[in-house]
There are 2 protein chains.
Amino acid sequence: MSGELAPGQKMSLRSVAETLGVSMMPVREAVARLVADQSLEVLPNRAVRVPLMTLSRFRELTAVRLAVEGFAAEEAARRRTSQDMAEIKRFEEAFLSEARSPNPQADQAVRANKELHFAVYRATSLSTLVGIIEGLWLKIGPVLNFDLKISPERLRTGGAPEHHRKLVAAVEAGNEAAARNALVNDITGAASFIESTGRLLD
Amino acid sequence: MSGELAPGQKMSLRSVAETLGVSMMPVREAVARLVADQSLEVLPNRAVRVPLMTLSRFRELTAVRLAVEGFAAEEAARRRTSQDMAEIKRFEEAFLSEARSPNPQADQAVRANKELHFAVYRATSLSTLVGIIEGLWLKIGPVLNFDLKISPERLRTGGAPEHHRKLVAAVEAGNEAAARNALVNDITGAASFIESTGRLLD
DNA sequence: ACACCCTAACTGTGATCACAGATCGCGGCA
DNA sequence: TGCCGCGATCTGTGATCACAGTTAGGGTGT
């Protein structure tokens with residue numbers, strides 16, 4: 001989800017098990033889950049890897065994200081508490097300070113961005129919905145965040161800080177439509193950046 | 001998903017493995033996946049069972065279903081092909097003939113209902129979305145369909161055939177709002193029936 | 001007659017072995 | 001010098017064993 005593993009990168013159950021200092025069994029179960037929801041894939045040769053991303057699959061995932069995460073933003077604006085807002089603002093600031101830093105660190109920015117988004121989603125009090133969105137990020141994260149690490153200058157030029165500002169303000173104000181709109185702009189902005197890199201298949 | 005297992009019903013990995021004539025390993029993996037997405041749960045005593053359903057969890061799942069499946073209905077109305085429509089109408093008729101049969105069989109009705117809904121969802125061409133909805137049905141199915149099997153008379157009195165008729169017509173006409181509306185009515189109708197049985201916890 | 005304890009039979013989980021298949025590299029032959 | 005082929009090593013998967021923990025039932029003691 002954090003882009004630590006690039007699309008196409010292979011991994012071995014045994015080497016992961018050795019790295020973590022456990023036997024193969026727990027790794028098998030974890031990987032089997034990720035394979036089941038297509039966050040990882042096993043090739044016909046039995047090699048496990050991060051799936052490659054095609055343009056059509058990227059657009060499909062983005063369409064679903066717009067619907068699901070857009071709904072979550074609406075619902076968050078409806079149901080957020082003051083504790084939710086405090087958490088949300090904390091992560092917004094963390095992202096902002098990293099994005100505006102003289103030499104921004106992509107890892108930190110990626111993490112703060114994720115935590116900000118999920119703080120909003122958790123404010124819906126719909127844990128099922130949060131789980132669904134986690135699955136979506138698991139699938140699209142390798143592309144989104146791996147490319148961001150390659151092009152960290154996007155942190156400065158991209159509109160993410162502005163989208164975040166509007167999102168947080170709308171959620172706090174209880175303005176459902178504005179919250180959805182800000183989130184949609186955030187997602188589509190990042191998506192068109194990724195498409196513009198031309199690194200997607202097909 | 002079909003209500004074959006009642007909420008609270010326990011199962012044993014070894015007995016399932018013996019029933020299916022395989023070793024424990026494939027059962028372990030399958031159950032682990034269902035446990036991971038909370039379609040099954042392992043109690044502190046290590047017993048595996050179908051989770052009990054509380055009223056608040058039922059309402060949460062219903063809210064998410066309304067958003068996600070409602071979006072799917074819209075998208076289906078936008079993108080359905082004539083092949084999609086043929087499949088959808090086939091399952092609608094299967095459900096109808098079972099619901100209006102002199103002695104309706106709950107299993108058959110449940111199956112036709114599921115196949116009708118998923119034929120609509122598949123018409124979106126968003127396989128990720130279909131997978132998400134499968135997860136939702138896996139969680140709410142035990143309650144929805146187990147209760148339907150207990151009270152098969154609901155097949156006659158419930159408004160499902162009418163909701164289905166409107167849904168199919170709207171999808172065919174490309175009327176997105178009407179498709180979402182018909183599906184929302186179908187879901188809320190079934191949900192209020194379940195709530196009225198008073199069998200949910202809390 | 002009733003209550004308590006102990007034992008035997010289960011539970012899921014981790015580890016290890018076995019196996020079929022694929023891949024990669026080294027060595028030999030042309 | 002270049003290419004082909006065989007073998008060693010890797011892959012994930014199924015099966016089996018070991019283990020800690022719980023549960024339920026029967027027998028014993030009061």
Side-chain angles (χ1 to χ4, degrees), chain A residues 1-54 57 127-128 131 134-143 146 201, chain B residues 1-54 57 127-128 131 134-143 146 201:
Chain A
M1 199 188 289
S2 64
E4 194 171 336
L5 275 56
Q9 185 169 345
K10 293 183 190 174
M11 53 185 303
S12 144
L13 299 196
R14 283 174 174 86
S15 63
V16 172
E18 195 176 357
T19 301
L20 299 180
V22 298
S23 89
M24 241 177 64
M25 283 299 306
V27 179
R28 277 172 72 168
E29 283 207 5
V31 170
R33 283 168 41 188
L34 294 169
V35 169
D37 73 24
Q38 301 179 43
S39 296
L40 290 177
E41 67 180 358
V42 306
L43 303 179
N45 6 338
R46 291 190 158 178
V48 175
R49 71 168 185 190
V50 179
L52 297 176
M53 182 68 74
T54 66
R57 176 159 172 78
S127 62
T128 304
E134 280 172 352
L136 291 169
W137 281 55
L138 225 37
K139 296 180 185 63
I140 210 168
V143 170
F146 186 75
L201 274 61
Chain B
M1 198 188 289
S2 63
E4 195 171 337
L5 275 56
Q9 185 169 344
K10 293 184 190 173
M11 51 185 304
S12 144
L13 298 196
R14 283 174 175 85
S15 63
V16 172
E18 196 176 356
T19 300
L20 299 180
V22 297
S23 88
M24 240 175 65
M25 283 299 307
V27 179
R28 278 172 72 168
E29 283 207 5
V31 169
R33 284 168 40 188
L34 294 168
V35 168
D37 73 26
Q38 302 180 44
S39 295
L40 289 177
E41 67 180 359
V42 307
L43 303 179
N45 5 338
R46 291 188 158 177
V48 175
R49 72 169 184 189
V50 179
L52 298 176
M53 182 68 75
T54 66
R57 176 159 172 77
S127 62
T128 304
E134 280 172 352
L136 291 170
W137 281 55
L138 225 37
K139 295 180 186 65
I140 210 168
V143 170
F146 186 75
L201 274 60

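Numbered from 1 within each chain, the chains take letters A, B, ... in sequence-line order. Scope of the values below: all heavy atoms of this structure, side chains included, with no hydrogens, waters or symmetry mates.
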Distance (rounded to the nearest 0.5 Å) between [X] [atom1] and [Y] [atom2]:
| X | Y | atom1 | atom2 | answer |
| --- | --- | --- | --- | --- |
| A:Met1 | A:Ser39 | CE | OG | 8.0 Å |
| B:Asp37 | A:Thr128 | CG | OG1 | 10.0 Å |
| A:Glu29 | A:Met24 | CD | CE | 12.0 Å |

Stepwise, does the side chain to side chain contact (heavy atoms under 4.5 Å, CB included) test hold for B:Arg57 with B:Lys139?
-> CA-CA 10 Å; B:Arg57 176 159 172 77; B:Lys139 295 180 186 65; 3.4 Å; yes
Under 4.0 angstrom, heavy atoms only, what part of the nucleic acid is A:Val48 near: base, sugar-phosphate, or nothing?
-> sugar-phosphate
For DNA chain D, the residues among residues 11-31 of chain A that have a non-hydrogen atom under 4.0 Å from it |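 Listed by number, they are A:Met11, A:Ser12, A:Leu13, A:Arg14, A:Met24, A:Arg28.
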Hey, mind stepping through A:Met53 and A:Leu201 against side chain to side chain contact (heavy atoms under 4.5 Å, CB included) and telling me if it holds?
-> CA-CA 6 Å; A:Met53 182 68 74; A:Leu201 274 61; over 6 Å; no
Starting at CG of B:Leu40 and ending at P of C:dT11, how long is that distance when rounded to a whole Å?
-> 16 Å
Between D:dT23 (P) and B:Arg49 (CZ): distance, integer Å |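 B:Arg49 atom CZ is separated from D:dT23 atom P by 13 Å.
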Check whether any side-chain N or O of A:Asn45 sits under 4.0 Å from OP1 or OP2 of C:dT23, and answer yes or no.
->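 Yes.
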Output, in order, the C-alpha distance, side-chain angles, deciding distance and verdict of side chain to side chain contact (heavy atoms under 4.5 Å, CB included) for B:Arg49 and B:Leu43.
-> CA-CA 8 Å; B:Arg49 72 169 184 189; B:Leu43 303 179; 3.5 Å; yes
